[in-house]
Peer 1: 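After the structure tokens below, expect a handful of questions from me.
Values reported hereafter were calculated over all heavy atoms of this structure, with side chains retained and with hydrogens, waters and symmetry mates removed.
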Amino acid sequence: MTGEEVRFIPDINPYEEIFDAAKDKSVGFVFPVYAWGVPPIVMNFITRLPEKIVSCIKNSGTNVWCVATCGDETGMAVRMLAEGIEKRGLTLSGAWSLIMPNVYVLLPGFGIDPKQIEEEKLENSITRLHHIAECINTRQLEEDVHLGSLPRLKTSMIYPLFTRWGVNTKKWHYTDTCTGCGKCAMTCPVGNITITDGHPKWGNDCTSCCACYHICPANSAQYGKITSGMGQYFNNFELRSRDDENVKKHIFH
């Protein structure tokens with residue numbers, strides 16, 4: 001909708017030329033909210049951006065914005081991102097939240113939405129996306145974010161616990177329904193899963209996105225006992241470009 005290039009953060013080498021002041025209208029960070037905060041991989045990316053690129057963005061007067069997708073609320077995630085880029089000398093000019101179906105299933109009290117709520121969220125997201133894109137294209141940048149209740153408390157208390165204890169890679173396993181199709185490995189955004197002897201093997205770099213759990217056609221990818229019977233969210237999404245031959249050599253052993 002904005003006509004700009006889309007880059008996937010886990011696949012970017014921050015030291016390559018990823019910004020061209022002559023043609024790039026703006027720089028946007030689009031990320032899912034994790035435990036009312038910003039995924040560590042996104043914050044690390046901002047920290048590692050070379051000063052050359054940061055200076056180019058700053059000196060060209062390019063607008064910086066973000067869209068935070070969330071199941072219901074963002075907490076202080078956008079403020080966290082703003083503080084991260086402010087430390088690099090940049091200013092967040094626009095911010096929006098986009099409510100999408102809940103997908104987090106790794107803790108008690110969480111889970112996917114009932115089908116009716118899921119469909120309502122998806123339908124409302126289309127109108128919302130058009131509004132956000134129009135604001136970006138016309139440079140009518142604003143801060144329109146659904147913080148939710150007690151946002152500071154949730155972000156300051158729960159997010160640190162999540163980043164430290166929220167992912168136990170040893171809990172990921174497959175059940176006897178696994179067919180070895182490899183979809184979990186192909187959809188993992190950080191390449192943390194390999195197919196060894198016909199079955200998935202999880203590494204130590206899990207980002208807790210739950211993609212492997214939701215994409216599994218046999219519902220075999222499980223996290224301890226907590227995900228048993230949680231249900232899955234598909235939304236008919238297709239696998240990313242991890243199915244080329246070069247990537248397959250690293251995924252399938």
Side-chain angles (χ1 to χ4, degrees), residues 1-2 4 6 8-9 26-43 45-46 63-87 90-163 166 189 207-211 214 230-235 237:
M1 293 180 184
T2 63
E4 297 185 296
V6 179
F8 191 58
I9 284 180
S26 65
V27 174
F29 294 92
V30 182
F31 61 91
V33 173
Y34 282 8
W36 296 280
V38 181
I41 193 172
V42 178
M43 298 303 294
F45 176 77
I46 293 171
N63 288 321
V64 180
W65 50 268
C66 76
V67 175
T69 65
C70 58
D72 294 293
E73 56 193 35
T74 65
M76 300 303 292
V78 168
R79 176 78 311 230
M80 183 186 299
L81 183 85
E83 291 174 353
I85 67 172
E86 285 169 5
K87 290 180 180 178
L90 301 173
T91 301
L92 189 66
S93 301
W96 298 268
S97 59
L98 178 66
I99 294 177
M100 294 289 286
N102 283 302
V103 298
Y104 189 72
V105 292
L106 305 188
L107 283 175
F110 291 84
I112 65 170
D113 292 315
K115 195 64 178 179
Q116 180 180 350
I117 294 178
E118 173 190 311
E119 293 175 350
E120 289 175 357
K121 286 183 175 181
L122 290 173
E123 182 177 354
N124 293 335
S125 72
I126 302 302
T127 302
R128 176 70 169 166
L129 279 173
H130 280 282
H131 168 74
I132 294 171
E134 182 179 4
C135 289
I136 294 170
N137 289 333
T138 59
R139 298 180 182 271
Q140 297 180 24
L141 302 183
E142 59 185 3
E143 182 171 329
D144 184 6
V145 179
H146 182 59
L147 302 179
S149 61
L150 304 175
R152 294 186 182 278
L153 180 64
K154 290 175 179 175
T155 301
S156 63
M157 293 189 65
I158 300 177
Y159 179 77
L161 294 175
F162 167 80
T163 56
T207 190
S208 196
C209 69
C210 303
H214 291 290
M230 277 283 196
Q232 295 170 283
Y233 169 70
F234 289 100
N235 193 28
F237 66 83

Peer 1: Is any side-chain heavy atom of Met100 less than 4.5 Å from a side-chain heavy atom of Ser125?
Peer 2: yes
Peer 1: With a 4.0 Å cut-off, would you call Glu134 and Arg139 a salt bridge?
Peer 2: no
Peer 1: Check whether any side-chain heavy atom of Tyr233 sits under 4.5 Å from a side-chain heavy atom of Val105, and report yes or no.
Peer 2: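 No, their side chains stay 4.5 Å or more apart.
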Peer 1: Looking at Val38, is its backbone amide N or carbonyl O close enough to the side chain of Tyr159 to form a donor-acceptor pair, meaning the two atoms are under 3.5 Å apart?
Peer 2: yes
Peer 1: Before you tell me yes or no, could you show the steps for Cys70 and Ile99 under side-chain contact (heavy atoms from CB on, under 4.5 Å), namely the whole-Å CA-CA distance, both residues' side-chain angles and the distance that decides it to 0.1 Å?
Peer 2: CA-CA 5 Å; Cys70 58; Ile99 294 177; 4.1 Å; yes
Peer 1: If you measure from CG on Asn63 to CG on Leu141, what distance do you get to the nearest 0.5 Å?
Peer 2: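 Going from the CG atom of Asn63 to the CG atom of Leu141 covers 4.5 Å.
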Peer 1: Flag the pair Lys121 and Glu118 as a salt bridge only when some basic side-chain nitrogen lies within less than 4.0 angstrom of an acidic carboxylate oxygen.
Peer 2: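 Glu118 and Lys121: not salt-bridged.
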Peer 1: Please name the pair of heavy atoms, one in Ala35 and one in Ile158, separated by the smallest distance, quoted to 0.1 Å.
Peer 2: CB-CG2, 4.3 Å
Peer 1: Measure the CE-CZ distance between Met43 and Phe29 for me, rounded to the nearest 0.5 Å.
Peer 2: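 Spacing of CE (Met43) from CZ (Phe29) equals 9.5 Å.
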Peer 1: Any donor-acceptor pair under 3.5 Å linking the side chain of Asn137 with the backbone of Met1?
Peer 2: yes
Peer 1: Do Trp96 and Glu142 get their side chains close enough for a donor-acceptor pair, meaning under 3.5 Å?
Peer 2: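 Glu142 and Trp96 do have a side-chain donor-acceptor pair below 3.5 Å.
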Peer 1: Please report the shortest heavy-atom distance between Ala68 and Thr74, naming the atom on each side.
Peer 2: CB-CG2, 4.3 Å
Peer 1: Decide side-chain contact (heavy atoms from CB on, under 4.5 Å) for Leu81 and Ile46; before the verdict, give the C-alpha distance in whole Å, the side-chain angles of both, and the deciding distance to 0.1 Å.
Peer 2: CA-CA 9 Å; Leu81 183 85; Ile46 293 171; 3.4 Å; yes
Peer 1: Grab the two heavy atoms, one from Val78 and one from Ala95, that are nearest each other, plus how far apart they are.
Peer 2: CG1-CB, 3.6 Å
Peer 1: What I'd like to find out is whether the side chain of Trp36 reaches to under 4.5 Å of the side chain of Glu73, using heavy atoms alone.
Peer 2: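 When only atoms from C-beta onward are counted, Glu73 and Trp36 do touch, with a gap below 4.5 Å.
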Peer 1: What's the spacing between Ile85 CD1 and Lys87 NZ if we round to 0.5 Å?
Peer 2: 12.0 Å
Peer 1: Could you tell me whether the side chain of Tyr34 reaches within less than 4.5 Å of the side chain of Thr163, counting heavy atoms only?
Peer 2: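 No, their side chains stay 4.5 Å or more apart.
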Peer 1: Does either side chain, that of Glu4 or that of Ser26, offer a donor lying less than 3.5 Å from an acceptor on the other one?
Peer 2: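 Judged by distance alone, the side chains do pair up.
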Peer 1: If every non-hydrogen atom of Ile112 is compared with every non-hydrogen atom of Gly231, which pair is closest and at what distance?
Peer 2: CD1-C, 3.7 Å
Peer 1: Between Ser93 and Trp65, is there a donor-acceptor pair closer than 3.5 Å when you use the side chain of the first and the backbone of the second?
Peer 2: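 Here the side-chain-to-backbone pair does not exist.
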Peer 1: Would you indicate whether the side-chain heavy atoms of Pro39 and Pro32 approach each other to under 4.5 Å?
Peer 2: yes
Peer 1: Any chance you could lay out the side-chain contact (heavy atoms from CB on, under 4.5 Å) test for Ile126 and Asn124, step after step, and finish with the verdict?
Peer 2: CA-CA 5 Å; Ile126 302 302; Asn124 293 335; over 6 Å; no
Peer 1: Less than 4.5 Å apart, side chain to side chain, heavy atoms only: is that true for Thr91 and Val64?
Peer 2: no
Peer 1: Do Thr155 and Met80 have side chains that get closer than 4.5 Å, going by heavy atoms?
Peer 2: yes
Peer 1: What distance separates Met230 CE from Cys210 SG, expressed to the nearest 0.5 Å?
Peer 2: 9.5 Å
Peer 1: Check whether His214 reaches the backbone of Val103 with its side chain - one donor and one acceptor, N or O, closer than 3.5 Å.
Peer 2: yes
Peer 1: Any heavy-atom pair between the side chains of Thr127 and Leu129 that's under 4.5 Å?
Peer 2: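 Sidechains of Thr127 and Leu129: no contact.
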Peer 1: Answer yes or no: is there a donor N or O on one side and an acceptor on the other, between the side chain of Arg79 and the main chain of Arg152, under 3.5 Å?
Peer 2: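 No, because the side chain of Arg79 does not come within donor-acceptor range (under 3.5 Å) of the backbone of Arg152.
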Peer 1: Looking at SG of Cys135 and CG of Asp144, how far apart are the two atoms once the value is rounded to the nearest 0.5 Å?
Peer 2: 8.0 Å
Peer 1: Distance check, rounded to the nearest 0.5 Å: Ser208 atom OG versus Phe162 atom CZ?
Peer 2: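 Going from OG on Ser208 over to CZ on Phe162, the span is 4.0 Å.
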